[in-house]
Amino acid sequence: MIGRLNHVAIAVPDLEAATATYRDTLGATVSEPVPQPAHGVTVVFVTLPNTKIELLHPMGEKSPIQGFLDKNPAGGIHHVCYEVEDILAARDRLKEQGLRVLGDGEPRLGAHDKPVLFLHPKDLYGTLVELEQA
Ligand SMILES: CC[C@H](C(=O)O)C(=O)SCCNC(=O)CCNC(=O)[C@H](O)C(C)(C)COP(=O)(O)OP(=O)(O)OC[C@H]1O[C@@H](n2cnc3c(N)ncnc32)[C@H](O)[C@@H]1OP(=O)(O)O
Ligand SMILES: [Co+2]
C-alpha cells in the first residue's frame with residue numbers, strides 16, 4: 001500500500017531562522033514560505049535528492065500544529081508523508097483495519113495540490129502519518 005516517502009515535516013518556532021539554517025548551514029535548496037490557510041500552517045519546502053523536508057509554522061488561531069509546538073517549544077519532527085496509489089482505497093482499507101482517519105475522513109488537497117489524509121498518531125507508534133495520492 002504505502003510507497004515513496006514524500007516528505008518529513010518539522011514544526012519550527014521560527015520559520016525564517018529554520019529556513020536560514022537549512023539553506024546556509026546545511027546548504028540545502030529551500031523554497032519561499034508558502035501560506036496554507038486551509039491547513040493552518042505556513043510551509044517552507046527543503047528539496048533533497050530523494051525526498052523533501054517540510055518546515056511548518058502555525059498560521060492563524062486554530063492551527064492543528066499549535067498544540068504540538070506548545071509541547072515542543074524548540075520544534076520537532078511533526079509527521080511523515082507516504083505516497084499511495086489510491087488514497088480512497090487506502091483509507092477504506094486502513095479504516096477496516098481499525099486505524100483512525102483524522103478530520104471528516106475525506107481527502108483534502110495538500111501542499112502539493114494532491115489529495116491528502118492524516119492517520120491518528122496513537123495508531124502508528126506515536127507518529128502522525130500523512131498519506132498523499134501519488
Ligand atoms: C499544507 C499541507 C501539508 C502537506 O500537504 O504536507 C501538511 O502536512 S499540513 C500539516 C498540519 N496539519 C495536520 O497536522 C493535520 C492533522 N493533525 C491533527 O489533526 C492534529 O495535529 C492531531 C489531532 C494529530 C493532534 O492535535 P492536538 O495536538 O491538538 O491534539 P492532542 O493534544 O489531543 O493530541 C492527541 C495525542 O496525539 C499526540 N500528538 C499530537 N500531535 C502529534 C504528532 N505530530 N506526532 C505524534 N503525536 C502527536 C499528543 O501528544 C496526544 O498524545 P497524548 O499522549 O494523549 O498526550
Ligand atoms: Co505534510
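Scope of the values below: all heavy atoms of this structure, side chains included, with no hydrogens, waters or symmetry mates. If you read the sequence from its start, that first residue is 1, and numbering goes on from there. Numbering of ligands and ligand atoms starts at 1, following listing order.
- Under a 3.5 Å cut-off, the side chain of Asn6 and the backbone N or O of Cys81 do not form any donor-acceptor pair.
- With no hydrogens or angles considered, a side-chain donor-acceptor pair links Glu130 and His7 at under 3.5 Å.
- Put simply, the side chain of Arg91 never gets that close to the backbone of Pro107: no donor and acceptor are under 3.5 Å apart.
- For the Co ion (ligand 2), the count of nearby protein N, O or S atoms, meaning those under 2.8 Å away, is 4.
- In this structure, the separation between CG on Leu131 and CD1 on Ile2 is 8.0 Å, given to the nearest 0.5 Å.
- For CZ of Arg93, the number of neighbouring non-hydrogen atoms (other residues, nucleotides, ligands) closer than 6.0 Å is 12 at most.
- Looking at residues two or more places apart in sequence or on another chain, you find a side-chain contact (heavy atoms from CB on, under 4.5 Å) between Leu124 and Leu99, Leu119, Val129.
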Between the protein and ligand 1, which nitrogen or oxygen pairs come in under 3.5 Å, and how far apart is each?
| from | atom 1 | to | atom 2 | distance (Å) |
| --- | --- | --- | --- | --- |
| ligand 1 | 5 (O) | Ala111 | N | 2.8 |
| ligand 1 | 5 (O) | Glu130 | OE2 | 3.0 |
| ligand 1 | 6 (O) | His7 | NE2 | 3.0 |
| ligand 1 | 6 (O) | Glu54 | OE1 | 3.0 |
| ligand 1 | 6 (O) | Glu54 | OE2 | 2.7 |
| ligand 1 | 6 (O) | Glu130 | OE1 | 3.1 |
| ligand 1 | 6 (O) | Glu130 | OE2 | 3.1 |
| ligand 1 | 8 (O) | Glu54 | OE1 | 3.4 |
| ligand 1 | 8 (O) | His79 | NE2 | 2.9 |
| ligand 1 | 8 (O) | Glu130 | OE1 | 3.2 |
| ligand 1 | 21 (O) | Pro64 | O | 3.0 |
| ligand 1 | 32 (O) | Lys71 | NZ | 3.4 |
| ligand 1 | 44 (N) | His78 | O | 2.8 |
| ligand 1 | 50 (O) | Lys71 | NZ | 3.2 |
| ligand 1 | 52 (O) | Lys122 | NZ | 3.3 |
| ligand 1 | 54 (O) | Lys122 | NZ | 2.7 |

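- By the side-chain contact (heavy atoms from CB on, under 4.5 Å) test, Gln133 is found to be paired with Ile87, Pro115, residues two or more places apart in sequence or in another chain being considered.
- With rounding to the nearest 0.5 Å, the separation of CD1 in Ile77 from CG in Leu128 is 12.0 Å.
- Taking the six-membered ring where the residue is Trp, His79 and Phe118 present perpendicular rings, their angle passing 60° and hence far from 30°.
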